[in-house]
Structure formats: structure tokens, C-alpha cells
Amino acid sequence: MSAASAVAKGWALTIATATFGYAGTQSSAVVALLEMFAAALFAAVDARYLREERKYRLLFDATRVGAVDAYEMNATRYCGTLSQADCEPISWSKVVWSWSVRDYYGLMLLVGAALLVWLHCR
């Protein structure tokens, strides 16, 4: 799953670079806003993969200590049996605000906001 996250990050950076460059040279605020929307979508995809990975890590830890059958592969069903406190690492708020999602895509959104300000003041 980390490979899917890396691919999402690579595509997001490629698209952001191209669209922000185009928006800057053509003075198009609409293109900059579209890229900011695309960055948010890529962040959601990346957060989903990170959440799934965290579910399987919880399942692996439970299997390691013998709490779950070694051949259990349904992490979603296993996480449904956990208490609220045990599910905290896989909550959407924790996943989205993790450094790997927040910092990477947040920087793209900041660049987009700075470009919009620059285009407006120009």
C-alpha cells in the first residue's frame, strides 16, 4: 500500500508543477483553483491508502500476540470489533493530519494560495 501512496504523491506533484506553471504563465486563477482541488483529491486518496495500511498493521499486531487467527485477512471486520480507544490510530482525522498527508499536500495548497494571491495582486 505504501507503493500506491508513493504513486499518488508522484502524480500529484507532477500535475501540481505543470498546472501551477501553466496558471502562472497564462495568469489563470481558474487553473490554479482546479489544481488545488486536484491536490485535495490526491490527499484524500493518499489518506485512504494510509488508513488501510494502518488497519492491516493493527490486524498484524493482533495476530502476532495470538488475539486473531493467523489466516484472518479482513482488517475492516477486525477493526469493527475494536473499542473506540483502539480505533483512534485509524480515525480519518488522525490519518489526514498525519505528517505524510498534511505536510505534503498542505504545501501544495499553500503554493496554490500564494499563486492566487500573486495573480490577484499582479
Side-chain angles (χ1 to χ4, degrees):
M1 286 187 213
S2 61
S5 178
V7 168
K9 283 181 171 66
W11 275 105
L13 184 61
T14 302
I15 292 171
T17 303
T19 54
F20 285 152
Y22 180 81
T25 58
Q26 300 298 318
S27 297
S28 177
V30 174
V31 174
L33 284 172
L34 283 174
E35 168 45 40
M36 292 174 71
F37 179 71
L41 286 178
F42 275 108
V45 168
D46 197 9
R48 183 194 177 283
Y49 282 119
L50 181 59
R51 186 169 186 255
E52 290 299 315
E53 183 176 345
R54 287 183 179 188
K55 284 181 183 179
Y56 279 102
R57 287 179 187 264
L58 286 175
L59 179 61
F60 174 78
D61 287 341
T63 304
R64 185 177 45 84
V65 296
V68 176
D69 183 31
Y71 296 106
E72 175 67 37
M73 294 297 291
N74 192 339
T76 302
R77 182 174 53 204
Y78 168 70
C79 290
T81 65
L82 297 175
S83 68
Q84 184 69 21
D86 292 335
C87 287
E88 186 180 355
I90 61 170
S91 68
W92 280 106
S93 61
K94 288 280 190 185
V95 173
V96 170
W97 289 109
S98 68
W99 64 269
S100 66
V101 175
R102 178 196 63 219
D103 294 351
Y104 192 82
Y105 298 101
L107 185 60
M108 281 184 202
L109 294 174
L110 284 175
V111 168
L115 179 61
L116 287 174
V117 168
W118 180 74
L119 288 173
H120 180 71
C121 294
R122 198 170 143 194

Where is the tightest heavy-atom contact between [X] and [Y], given as atom of each residue plus distance?
X	Y	answer
L50	S98	CD2-OG, 3.2 Å
Y105	A39	CD2-O, 3.7 Å
A23	A32	CB-N, 3.8 Å
A16	M108	CB-SD, 4.0 Å
F20	G112	CZ-CA, 3.5 Å
S27	L119	CA-CD2, 3.6 Å

Test log, rule side chain to side chain contact (heavy atoms under 4.5 Å, CB included), inputs L107 and D103: CA-CA 6 Å; L107 185 60; D103 294 351; over 6 Å; no
Within a 6.0 Å radius of atom [atom1] on [X], are there more than 12 heavy atoms belonging to other residues, nucleotides or ligands?
X	atom1	result
W11	CH2	no
W118	CH2	yes
R102	CZ	yes

Pair T19-L34, side chain to side chain contact (heavy atoms under 4.5 Å, CB included): steps then yes or no: CA-CA 8 Å; T19 54; L34 283 174; over 6 Å; no
Would [X] end up clustered with [Y] when hydrophobic side chains under 4.5 Å apart are linked, directly or stepwise?
X	Y	value
V101	I15	yes
Y49	V7	no
Y22	L33	no

Gap separating the [atom1] atom of [X] from the [atom2] atom of [Y], nearest 0.5 angstrom:
X	Y	atom1	atom2	value
S5	R48	OG	CZ	12.5 Å
T63	L58	OG1	CG	10.5 Å
F60	E53	CZ	CD	12.5 Å
K55	I90	NZ	CD1	6.0 Å

Y104 (side chain) donor-acceptor with K9 (main chain) under 3.5 angstrom: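 Yes; at least one donor-acceptor contact below 3.5 Å.
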Chi angles and distances behind the side chain to side chain contact (heavy atoms under 4.5 Å, CB included) call for M36, L116: CA-CA 10 Å; M36 292 174 71; L116 287 174; 3.7 Å; yes
Residue pair R54 / V95, side-chain heavy-atom distance below 4.5 Å: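 The answer is yes, as the side chains (C-beta and beyond) meet within the 4.5 Å cut-off.
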